[in-house]
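As structure tokens, the structure follows; a few thoughts come after it.
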Amino acid sequence: MNNKEVNKSLAIKLLGQKIKENREKGDKQPHQIKQADSHDFKKKAPKILSKIKGLRIIPLGGQEEVGRNMTVFEYGEDIVILDMGIQFPEEDMPGVDYIVPDVSYLKGKESRIRGVIFSHGHLDHIGAAPILLKQLDYPTILGRDFTLALIKKKMEDYEKDSVGRLKIINIKNIDQKMSLGSFKVSFFKVEHSVMDAVGVILETPDGTVIHPGDWTIGRDDKGQRTVSYEDLSKLPRPTVLMLESLGALHKEEKHTPDSKIYENLEKIISTPTGKVIIATFSSQVERIGKILDICYKLGKKVALDGYSMKTNIEIARQLGYIKPAKDVLIDMKEVSKYPENKIVIICTGAQGEDNAVLARIVNGNHRFIKINKHDSIVFSSSVIPGNERTIQRLKDNLYRKCDNVIHTDIMDVHISGHCNAADIQAVIRQVKPDYYLPVYANHFFLKEAAKLAVEIGFKKENIFILDNGNILQLHNKKAEIIKEKAKTDYIFIDGLGVGDIGQVVLRDRQVLAQDGMFVITVIIDSKTKKISGSIQITSRGFIYVKENFDLVNATKEVVKKVVAKNTNKDDKSKINWVMINNEIREEVGKYLFKKTERRPMVLPNVIEI
Ligand SMILES: [Zn+2]
């Protein structure tokens with residue numbers, strides 16, 4: 001078990017206890033904890049709402065990171081929300097599964113939420129839906145088929161029968177128009193690496209927002225852009241273009257057409273020297289569908305692995321989005337029945353995720369798949385910013401075990417779902433917005449995206465780079481960031497707990513992960529006020545006690561001194577245990593630092609008998 005796992009199992013145990021206690025109090029199910037959260041949440045609602053002028057744009061996440069995308073649009077009494085995504089934890093957040101946006105700003109405003117629109121089905125856009133929709137009393141949700149199917153699946157996985165509580169508007173037709181309170185809502189088609197991505201237009205009397213969600217623009221075989229957004233320049237002004245900016249640093253014009261990717265994949269699959277393992281994103285349903293077709297044509301058998309991979313393909317199959325030929329898909333258990341060079345495995349884990357399929361295959365922990373030198377491993381994926389190191393480690397391990405590792409630096413086996421710098425400039429030129437807001441990426445991407453706009457003559461004063469929680473107000477044709485700010489704390493999710501991991505718990509975890517813990521148990525006789533028996537020391541992740549007797553014994557002396565100083569046999573008054581505990585913690589902490597320059601968590605446990 002690594003530190004993360006230790007912490008996690010600890011947290012799960014504690015949580016299990018909490019659930020048990022709640023059950024004993026009469027609660028029926030674990031999710032009651034969260035329900036309690038959402039009740040509190042309403043109780044604390046502010047009674048007086050500040051008067052809102054014009055249109056407000058409030059990003060609750062996604063402006064300082066990749067992930068946790070969620071934007072609130074507020075006009076008068078009406079609120080429309082775009083996306084509810086999760087963010088994956090940073091390295092200094094041990095044991096945290098993921099992070100969801102903080103929706104405190106919406107406290108007391110639940111009944112004013114007219115709709116939550118989901119731009120597409122990636123986790124950084126829908127992953128927080130089960131938790132946040134519940135917290136917000138299940139407002140109406142909007143999305144296209146595949147996105148909605150993924151959300152429903154997520155909700156059922158999180159809490160059985162919760163889908164029944166949803167009010168759903170299916171965007172069946174991209175030209176559909178509707179009103180959500182005073183917002184006039186319409187949609188436009190965008191290209192992205194998942195099916196059914198949709199761009200959103202929100203019209204209000206004070207301004208029109210244009211938001212494509214995540215986007216890219218493909219190229220045809222002649223290298224020409226396959227989409228134009230010129231129509232969006234005709235919308236009622238002032239217009240605000242909110243443009244996802246992850247590609248702002250991709251200056252290279254090179255853009256491989258889809259057909260080339262499939263040609264390359266077919267080449268790899270048709271001439272294998274062993275089995276072929278393709279790691280890709282589970283949301284790349286269209287690509288997986290095409291690979292299945294290629295495999296069928298070449299007489300190969302395909303086994304899918306990874307929970308999200310299998311469920312996504314099943315959903316896509318039910319919606320008729322992919323139609324795999326009969327018998328091309330086989331169960332993982334059947335793989336050994338076929339010659340190796342007939343087998344293609346499509347799996348998750350290309351981002352180096354700890355427990356994903358690819359990591360298990362590489363580490364030799366997969367039940368059915370072992371890597372051989374002559375196999376081929378294809379990374380049909382790009383690196384999500386922040387995952388570089390983990391992926392590098394994974395690649396190193398793969399190169400040790402296999403001679404044919406193929407990734408985009410070697411051959412075009414993936415195109416990114418994100419635009420490049422030239423695309424950003426092209427879209428700004430086509431849409432001609434009055435205001436430009438780079439969004440959905442780390443701060444430095446947003447700044448770079450802003451530079452791209454300035455380069456093509458866009459007025460600097462009409463560009464706004466918002467932080468999470470900033471409020472941009474559009475009123476009387478004027479846009480400004482107002483003083484008020486929405487709360488956007490990290491809400492950590494660990495196991496079943498929502499937001500119960502605060503900064504204190506996290507700091508403890510960081511200390512435990514870095515320097516371990518040092519537990520001192522002292523028994524004091526209440527009559528003699530003397531230490532009874534020997535002092536017990538337990539250490540985890542700090543030093544190995546059996547190899548450090550000197551240090552352990554010296555520490556015991558420190559403890560004895562503290563106890564002696566604070567207990568006087570003749571003094572009839574009660575011993576102050578809290579003070580002894582604190583002093584032991586402090587003195588032992590200082591002593592251990594002096595000797596080791598490490599700061600383990602010191603936990604004194606003084607018992608009186
Ligand atoms: Zn996306």
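Both counts, for ligands and for their atoms, begin at 1 and track the order of listing. All heavy atoms count here, side chains included; hydrogens, waters and symmetry mates do not.
- Between the side chains of Asp83 and Ser119, at least one donor N or O sits under 3.5 Å from an acceptor N or O.
- Donor-acceptor pairing under 3.5 Å is recorded for the side chains of Arg287 and Ser380.
- If you look at Asp214 and ask which of its N, O or S atoms sits nearest the Zn ion (ligand 1), the answer is OD2.
- Counted by atom type alone, His443 and Gln63 present zero donor-acceptor pairs between their side chains at under 3.5 Å.
- The Zn ion (ligand 1) lies at 2.8 Å or more from every N, O or S atom belonging to His418.
- Computed with the Zn ion (ligand 1) at the centre, the His192 NE2 to His122 ND1 angle is 90°, stated to 10 degrees.
- With Tyr105 as the aromatic partner, Lys109 meets the cation-pi criteria of under 6.0 angstrom to the ring centre and within 45 degrees of the ring axis.
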